[in-house]
Amino acid sequence: MLNPIDTDMVIRDGGAHGRYPAEIHEAVGWWLGACLVTVLKAHRIVVAHDGRGSSVVFLQRFCRGAINAQHHACTVLTLRVADEDILLRTMAELSDVPGARVSTTGPEDAETVSLVLYGSGGKPLDGDTGLATIRQMIADDRVPIPVNEAAKGRIEHYPHPPIRDGAKW
């Protein structure tokens with residue numbers, strides 16, 4: 001692994017969380033995307049971010065990892081900027097597909113990036129639903145790579161309706 005992380009410290013609480021760039025870096029996005037697709041055997045996932053610059057970069061890397069995960073040819077549907085509620089509703093609308101959301105907190109010189117992975121039922125992954133396997137894959141430098149170009153997935157924009165205060169979706 002070219003740029004290792006402390007997997008026990010970073011990969012926890014439903015995803016990856018850490019100070020950027022001291023504890024977490026952009027490649028973690030790729031690793032999580034590829035591992036999520038492989039562990040859950042996903043052919044379609046939904047993703048979103050909070051609009052902050054670091055979140056966009058991490059989500060782009062996550063998407064690239066997801067579409068390049070072995071032979072799964074995963075379609076990544078991106079909501080772009082969306083809150084957790086919109087992401088979870090979209091996952092449910094699409095027959096309970098997995099998802100991920102990136103958010104960033106703190107000032108630019110001390111940002112904390114969180115990339116939360118969601119499994120069935122819109123619940124964040126835990127040790128029993130795939131997070132422990134993903135953590136171990138990354139720790140062992142066993143991040144999935146694409147098998148061939150024909151197995152590569154694609155990234156598509158998935159439009160979501162704006163939610164107005166008090167409106168039901």
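The shown structure was predicted, so the numbers you read here are calculated from the model rather than taken from an experiment. Only this structure's heavy atoms are used, side chains among them; waters, hydrogens and symmetry mates stay out.
The backbone N or O of Gly121 lies less than 3.5 Å from a partner atom in the side chain of Asp96, making a donor-acceptor pair. A donor-acceptor distance shorter than 3.5 angstrom exists from the side chain of His17 to the backbone of Arg12, with no hydrogens or angles considered.
Taking each heavy atom of Ala42 and Pro98 in turn, the nearest pair found is CB-CG, 4.1 Å. Minimum heavy-atom separation, Val76 to Cys63: CG1-SG, 3.6 Å. Nearest heavy atoms, Val37 versus His72: CG1-CB, 3.6 Å. The minimum heavy-atom distance between Ile86 and Asp83, with the atom names listed, is N-OD1, 2.9 Å. Contact between Trp30 and Arg64 at its shortest, heavy atoms only, is CZ3-CB, 3.4 Å. Contact detail for Ala100 and Leu87: the closest heavy-atom pair is O-CD2, 3.7 Å.
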Pair Met137-Trp31, side-chain contact (heavy atoms from CB on, under 4.5 Å): steps then yes or no = CA-CA 9 Å; Met137 290 170 74; Trp31 302 343; over 6 Å; no
task = Decide side-chain contact (heavy atoms from CB on, under 4.5 Å) for His43 and Thr75; before the verdict, give the C-alpha distance in whole Å, the side-chain angles of both, and the deciding distance to 0.1 Å.
result = CA-CA 6 Å; His43 293 284; Thr75 298; over 6 Å; no
ask   = What's the verdict on side-chain contact (heavy atoms from CB on, under 4.5 Å) for Val102 and Leu115, showing C-alpha distance, side-chain angles and the deciding distance?
value = CA-CA 4 Å; Val102 182; Leu115 206 161; 3.5 Å; yes
key: Residues Asp8, Asp6; criterion side-chain contact (heavy atoms from CB on, under 4.5 Å); working and verdict   = CA-CA 6 Å; Asp8 290 328; Asp6 181 340; 3.8 Å; yes
Thr104 and Ser55: CA distance, side-chain angles, deciding distance, side-chain hydrogen bond (donor to acceptor under 3.5 Å, both in side chains) verdict = CA-CA 6 Å; Thr104 303; Ser55 298; 2.6 Å; yes
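Within the 4.5 Å cutoff, the side chain of Gln70 has heavy atoms near those of the Pro144 side chain. With a 4.5 Å cut-off on side-chain heavy atoms, Arg44 and Leu94 count as touching. Taking 4.5 Å as the limit, some side-chain heavy atom of His49 sits within range of a side-chain heavy atom of Arg80.
The distance from the CD1 atom of Ile24 to the CD1 atom of Ile11 is 8.0 Å, given to the nearest 0.5 Å. Taking OG from Ser54 and CD from Glu108, the interatomic distance works out to 7.5 Å, rounded to the nearest 0.5 Å. To the nearest 0.5 angstrom, Arg101 atom CZ is 12.5 Å from Met91 atom CE. Atom CD1 of Ile67 sits about 10.5 Å away from atom CZ of Arg154, to the nearest 0.5 Å. We find the CD1-OG1 distance between Ile155 and Thr78 to be 8.0 Å, quoted to the nearest 0.5 Å. If you take CG on Leu125 and CG on Leu36, they are separated by 6.0 Å, rounding to the nearest 0.5 Å.
Note: the hydrophobic cluster containing Val81 does not contain Val47 (ILVMFWY, side chain heavy atoms under 4.5 Å, direct or indirect links). At a threshold of 4.5 Å between side-chain heavy atoms, the hydrophobic network of Ile, Leu, Val, Met, Phe, Trp and Tyr places Met9 and Ile138 in one connected group.
Few gaps surround CD on Glu156; more than 12 heavy atoms of other groups in view lie less than 6.0 Å from it.
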